[in-house]
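Here's the structure, in structure tokens; my notes come after.
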Protein chains: 4
Amino acid sequence: MGAVKNKRMPRAVREQQMLDAAVRTFGQRGYRAASMDEIAELAGVSKPLVYLYLNSKEDLFTACIRREAKALTDAVRAGVQPGLAADRQLWEGLRAFFTHTAENPDGWAVLHLQARTHGEPFAAEVSAMREELVVFVTQLIVVGAREAHRDPTLPEREVAGLAEALVGAAESLAAWANATPGVSAKQAAATLMNFAWAGLGDLMEGRPWSPPVRCG
Amino acid sequence: MGAVKNKRMPRAVREQQMLDAAVRTFGQRGYRAASMDEIAELAGVSKPLVYLYLNSKEDLFTACIRREAKALTDAVRAGVQPGLAADRQLWEGLRAFFTHTAENPDGWAVLHLQARTHGEPFAAEVSAMREELVVFVTQLIVVGAREAHRDPTLPEREVAGLAEALVGAAESLAAWANATPGVSAKQAAATLMNFAWAGLGDLMEGRPWSPPVRCG
Amino acid sequence: MGAVKNKRMPRAVREQQMLDAAVRTFGQRGYRAASMDEIAELAGVSKPLVYLYLNSKEDLFTACIRREAKALTDAVRAGVQPGLAADRQLWEGLRAFFTHTAENPDGWAVLHLQARTHGEPFAAEVSAMREELVVFVTQLIVVGAREAHRDPTLPEREVAGLAEALVGAAESLAAWANATPGVSAKQAAATLMNFAWAGLGDLMEGRPWSPPVRCG
Amino acid sequence: MGAVKNKRMPRAVREQQMLDAAVRTFGQRGYRAASMDEIAELAGVSKPLVYLYLNSKEDLFTACIRREAKALTDAVRAGVQPGLAADRQLWEGLRAFFTHTAENPDGWAVLHLQARTHGEPFAAEVSAMREELVVFVTQLIVVGAREAHRDPTLPEREVAGLAEALVGAAESLAAWANATPGVSAKQAAATLMNFAWAGLGDLMEGRPWSPPVRCG
DNA sequence: AATGAATGAGTTTTCATTCAT
DNA sequence: GATGAATGAAAACTCATTCAT
């Protein structure tokens, strides 16, 4: 189904097929509920081959997390043009993030839901990626603050919290946009930008963030 | 462990012991990984009694979700004094929310992580609670906007999106605060209040939201 | 449900209620699938009371078999007028048998299906009753043979086989009559009488058994 | 025990071993009382393999019923020489039937007792086989009647009833013969032939059906 | 490079049965 | 005369994992 079945293929290709099947299965069923049988069948190979190439369910899941994490951070990095103003960079990063997660829902489910829900081998794995995104946002904030001001008065821990909040808001909005007819991903991104950049206080007093003209 | 062991107690009491044990186990291990054996043992009863009172693993999990969801919304409602200014009300709500989630990390893990990660009987159960929080925030925004100027220039749909974003940010932050040693509920609430009320733009320019003096 | 619930009653009455519930449950679900819980609930009493009065599931089932076996043999005996011709007596016996089993389908299921299907404590119990019916038929045959002839040339074992065959045919016909629209119990009984008395050989050559005019 | 134990065999062979074990266990213990553990052990394999090949207890039981039903009808069909006189054909059919049930007592117990005692997925399965036997007998009667005189004076419905009665009698007698030591298949067949062909009336007057000389 | 055959250990769930009152 | 509270033992079923080829 999508994968050509059964015939001798180089190891690298087979592995990607297996990871594809695994991400899909883990993303939809969850780590525990996904069975190696289902994954092998979806990949179009026999179970022993999965074990031969990927050792164990745990290793397989870890491989999924790594692949999907890399894909996501790559996408965000690729979407951002360095050197622009902080708000503009944030906007681009969010767009890239939303686009990628919308196009890879199973991968995102693996990273966001499954990996965090199942004990220690995996949570650490996803933390690494998260750290990378947080660093990205952190630098944005720090650099932005330095530009506007002179001192980086925001302590590191505070910045990490802000990044968490931002990602959580983004996730929520993405789900809401999907569930609410007539709300596009772009509108959702604009709402988030308003929220994150201007804040409720400004919004209530009529000072929204203005989205840049033409940027995509 | 906390529960008096083994002998003849009224059903209502036993049920609470079981739910305590279940919330803890589900919160730490996850829905699938938690075994009824472990829950029964932690509750200090035999497995058949758990089934007699709570029917099935699914029903038990649902009962956990309901109990924890009610406890959380009750806590938030109880923490807010109506009639105050919007930012003050939001602040109080967030404090109550983060305090409760910090005091009940397993309950929060059940609601935020486990219930959403494991398919449809459960996700719907959590949505009801979430909706209640969203409505609370929505009204706050609407009232706050009306106070700030007179026209409701924020369209209804935009308000709904902002509320979603705020609740999502809070949820993520709560999980993060629980997982990060040394972050207190109050600090988490302050971080989110800054983010949500002042916005990143203001923060970068050194204009954080100032927490009200005298608040508990 | 039919039984007045919950209030102090003499033991004999309670026992009958329990047996009623048990016969119904065993007859419909089978011995293993019937649960003491279900029986107790249907009887309108608590489980420990069932154990107090009837000791165990096995004893309860045995008590059901005995009660229903006695009821059936009593019904057949009551339906037959001694002293008549053999064919007439057989006809009456069959009518009584059909009537009773049709009116007590659960009891009949217990005797015919469940008791024989489940190992040794029970099969023996039902054999006793069966023996009684076989004796009845046997005597009919023997006496009839003696009347017509002089010697009882039919050996005992042969007679037991004939009785088995007769009961099997009766059961089959009863089920068939129930399942075939437009066939009354009486017609079924007549068919059986034809079959059993005249035999296929005679029937094929146009010599049916003629049912007695006016008999019940 | 009969099956070579434990090592690497083609699926088809293993499946037959499993069915052998299952028929034996179901036939002796009954559907509910038979445990998959016992069946697996008797078959000389582990439980998971039974599930892998036969899916569930229900499916396993159904497979047993189908296999045994086919074996029985095949045996009867193979035992009958078409073109002979009706009584001769009936005699051959009965001999084949009783021989087969005597050689496969567990299979017959599954078909006659267990399958009918345990609700709807199974009862229907047996009905198909039974119908085949009924049709066989029906045609025999019709043809026999046509040979004996010329008019088919036996109405269709009556014939159907007679066939039901005969099959029911045979079924009962087979179970009885299996349970009664010292009764051979041939004796059982003779008893039934007497009963069904000559009828009790003739028997009492000393006119049994005479079995054909030279038949086995 | 790839697989059909096989299982140990664990899961959820049910049930007959008893104890204390 | 009657019951709410409680359990030991076993059942059906699943799954990650390996072996022999």
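Below, read A as the first sequence line, B as the second, and so on, with proteins coming before strands; counting in each chain starts at 1.
- Atom-to-atom, CD of B:Gln17 to C1' of F:dA6 comes out at 13 Å; the value is rounded to the nearest Å.
- Annotation: cation-pi geometry satisfied between A:Arg11 and A:Tyr53 (NZ/CZ under 6.0 angstrom from ring centroid, within 45° of ring axis).
- The distance from atom CG of B:Leu49 to atom P of E:dT14 is 15 Å, rounded to the nearest whole Å.
- Note: CG (B:Leu54) to C1' (E:dT14) measures 16 Å, nearest angstrom.
- For A:Arg67, the salt bridge (charged side-chain N to carboxylate O under 4.0 Å, His left out) criterion is met by A:Asp20, not counting sequence neighbours.
- Counting heavy atoms of neighbouring residues, nucleotides and ligands inside a 6.0 Å radius, atom CZ of B:Arg29 does not exceed 12 of them.
- Whole-Å rounding puts the B:Arg29 CZ to E:dG10 C1' distance at 15 Å.
- Nucleic acid contact class of D:Arg11 (heavy atoms, under 4.0 Å, all strands): sugar-phosphate only.
- If you measure from atom CD of A:Glu38 to atom P of F:dA16, you get 10 Å, rounded to the nearest angstrom.
- With rounding to whole Å, B:Phe26 atom CZ is found 13 Å from E:dT11 atom C1'.
- The pair B:Glu41-B:Lys47 fails the salt-bridge criterion, with no side-chain N (NZ, NE, NH1 or NH2) lying under 4.0 Å from an Asp/Glu carboxylate O.
- Rounded to the nearest 0.5 Å, atoms OG (C:Ser35) and NZ (C:Lys57) are 7.0 Å apart.
- To the nearest 0.5 Å, atom CG of residue C:Leu52 and atom CD of residue C:Glu15 are 9.5 Å apart.
- Between B:His118 and B:Phe61, the ring planes lie perpendicular to each other; the angle is over 60°, past the 30° to 60° tilted range.
- Between the CE atom of C:Met18 and the CG atom of C:Leu60 there is a distance of 9.0 Å, given to the nearest 0.5 Å.
- The distance from atom CD1 of C:Ile39 to atom C1' of E:dT14 is 15 Å, rounded to the nearest whole Å.
- To the nearest 0.5 Å, atom CZ of residue A:Phe122 and atom CG of residue A:Leu111 are 13.0 Å apart.
- Sequence order on DNA chain E of the closest nucleotides to A:Pro10 and D:Tyr53 puts A:Pro10 first from the 5' end.
- Rounded to whole angstrom, the span from the CG atom of D:Asp59 across to the P atom of F:dT14 amounts to 11 Å.
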* Per-nucleotide protein contact string for nucleotides 16-21 of chain E (B base, S sugar-phosphate only, - none; heavy atom under 4.0 Å) -> SBBBS-
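- DNA chain F contains the following stems of three or more consecutive Watson-Crick or G-U pairs, with both distances under 3.5 Å: E:2-21 with F:2-21.
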